[in-house]
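Following: one structure in structure tokens, then a few remarks.
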Protein chains: 2
Amino acid sequence: MRQDVPATIDRSSYEPAYAQLANILRRQIAAGIFRPGDRLPSEAQLCRRYGVSPMTVRRVINILAEQGVVVAEQGRGTFVKPLELGTAAFNLEEFQRIFRDEEQTKVTLLEIRIASADERIAQKLALEVGQRTIYIRRLISHQEAPVLYHREYLIYDPKRPIVEAELEVTSLRGLFNGGGESTLKRGELTIDATVLTKEEAQLLQAPEATAALRLEHIFYDFEDHPVSWGWFICPSDRLRLTTTVGIQE
Amino acid sequence: MRQDVPATIDRSSYEPAYAQLANILRRQIAAGIFRPGDRLPSEAQLCRRYGVSPMTVRRVINILAEQGVVVAEQGRGTFVKPLELGTAAFNLEEFQRIFRDEEQTKVTLLEIRIASADERIAQKLALEVGQRTIYIRRLISHQEAPVLYHREYLIYDPKRPIVEAELEVTSLRGLFNGGGESTLKRGELTIDATVLTKEEAQLLQAPEATAALRLEHIFYDFEDHPVSWGWFICPSDRLRLTTTVGIQE
DNA sequence: AAGTGGTCTAGACCACTAT
DNA sequence: TAGTGGTCTAGACCACTTT
């Protein structure tokens with residue numbers, strides 16, 4: 001037994017009862033009091049034990065179930081879930097942090113030009129081959145060191161306000177942290193691995209043939225038309241994706 | 001307007017009222033009826049409009065907030081969130097799928113042996129340099145083609161049941177899909193990019209110097225002791241991480 | 001003061017599982 | 001039949017923001 005788990009709910013606390021109870025149960029599981037496969041006390045028992053209403057207990061169980069800590073089975077009970085690697089989720093917080101740190105982060109516009117769509121671009125942006133797109137290359141530096149190289153094709157349509165907004169160098173910041181583009185409905189993202197080309201290595205000041213992560217994106221507007229296709233290149237010694245799976249206290 | 005959104009809740013449906021209302025609001029947002037930054041109707045208005053109790057509306061708002069679709073601000077209202085790239089989450093479903101498909105997936109044990117810990121291993125597993133570990137190499141093939149190369153160091157402790165369990169080739173399956181190890185409390189995972197070595201390329205039947213994803217893991221038991229350190233190598237043409245961000249209908 | 005979200009109650013009724 | 005989770009109600013009270 002490593003640490004005592006508080007056993008009651010403090011009604012005078014600023015932390016709401018449901019959050020307190022969720023933490024109590026999660027800590028009990030983390031401490032090994034309830035092991036994977038074990039059944040938790042029934043909801044009625046938890047109501048009596050902690051002096052809260054059924055609705056509040058229900059909410060707590062829902063929270064723990066969403067966190068992947070337990071699984072509730074109707075008619076049988078609520079059980080502690082074993083570790084499941086497939087539920088691990090990696091997020092882009094590291095990327096977000098770079099753009100949030102406005103003092104230390106600089107976005108350099110390397111190139112903007114009109115480019116006519118080849119077959120690949122046309123397919124990604126649902127255009128005809130030969131139609132105009134806007135091609136943008138950016139280099140993102142953090143603390144004086146280049147960390148990301150971004151290339152992007154935007155649909156060219158003078159009627160669309162998004163084009164002007166996207167051209168602004170600051171738009172990337174909004175895209176990562178929110179509050180930016182409000183004309184985008186959704187994006188499809190893919191991560192894979194790549195080897196730096198000579199050009200990429202030079203810009204990113206990395207040795208040639210270094211391994212790098214590649215984050216590809218397509219963004220869609222509210223009419224479900226693609227408006228942007230592009231990708232970030234990120235040497236894997238500068239940015240990693242990390243996460244934890246299982247019980248976090 | 002692309003599609004009509006059902007405007008009432010069907011009380012005779014098997015789908016609970018809260019789920020129906022969440023879908024109604026999400027579809028209205030997806031259809032552009034409410035745009036990023038817009039305020040949703042107040043909870044009291046939603047109660048009257050859809051004939052449900054405050055608790056049910058509350059639950060709906062919570063669900064949409066968890067999904068990152070809206071943000072509720074006390075005293076002000078509930079607002080549609082703009083697209084935020086930083087909230088994108090990549091999961092390991094692709095990996096999970098491989099192991100779930102038991103017919104088509106074969107795990108080959110390439111090597112098991114006792115290895116004494118060098119400085120790097122000792123640090124990862126919280127051991128002294130020179131202590132014994134179990135070194136395992138596995139090749140995972142799907143539909144006759146190798147997709148993953150796994151190397152792993154396990155702490156060597158005859159008293160620990162985990163060791164025997166981990167040695168079984170089937171244990172990877174349980175780890176990914178759940179129902180496996182119940183002695184593991186949590187894992188720390190990292191994804192980065194790497195270039196295949198000659199040995200890796202040969203085993204994975206890929207050209208040398210190909211880019212690959214590398215998924216590193218450390219697993220901890222309920223005493224918070226590390227029990228396993230290892231990594232999967234996965235050529236990026238065989239497995240990608242994909243996700244979507246924003247509104248999904 | 002009025003309107004907003006946030007928490008919580010004390011039940012009701014239902015669906016499902018085990019015995 | 002008894003016990004389990006799952007949904008839902010009709011309020012209450014509170015904290016916060018806006019006017």
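Residue numbers start from 1 in every chain, and the chains themselves are labelled A, B, ... in the order their sequence lines are given, proteins ahead of strands.
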- Message: Does C/dT7 have OP1 or OP2 under 4.0 Å away from a side-chain N or O of A/Tyr18?
- Response: yes
- Short side-chain N/O contact to D/dT9 OP1/OP2 from B/Thr56, under 4.0 Å: yes
- Task: Over 60° means perpendicular and under 30° means parallel, so classify the ring planes of A/Tyr153 and A/Trp229, tilted if in between.
- Result: parallel
- Any A/Arg11 side-chain N or O less than 4.0 Å from OP1/OP2 of C/dT9: yes
- Item | Under 4.0 angstrom between A/Ser53 side-chain N/O and C/dA10 OP1 or OP2 | no
- Task: Decide side chain to side chain donor-acceptor pair (under 3.5 Å) for B/Thr244 and A/Glu188; before the verdict, give the C-alpha distance in whole Å, the side-chain angles of both, and the deciding distance to 0.1 Å.
- Result: CA-CA 4 Å; B/Thr244 68; A/Glu188 290 173 1; over 6 Å; no
- Under 4.0 angstrom between B/Arg76 side-chain N/O and D/dT18 OP1 or OP2: yes
- Task: Within residues 67-75 of chain A, find the residues that approach DNA chain D with a heavy atom at under 4.0 Å, and present them sorted by residue number.
- Result: A/Ala72, A/Glu73, A/Gln74, A/Gly75
- Which comes earlier along DNA chain C counting from the 5' end, the contact point of A/Met55 or that of B/Tyr14, where each point is its nearest nucleotide? A/Met55
- Message: According to side-chain hydrogen bond (donor to acceptor under 3.5 Å, both in side chains), who are the partners of B/Gln74, at least two apart in sequence or on a separate chain?
- Response: none
- Message: Please determine whether a side-chain nitrogen or oxygen atom of B/Ser42 lies at a distance below 4.0 Å from atom OP1 or OP2 of C/dT4.
- Response: yes
- Message: Over 60° means perpendicular and under 30° means parallel, so tell me whether B/Phe232 and B/His150 are parallel, tilted or perpendicular.
- Response: parallel
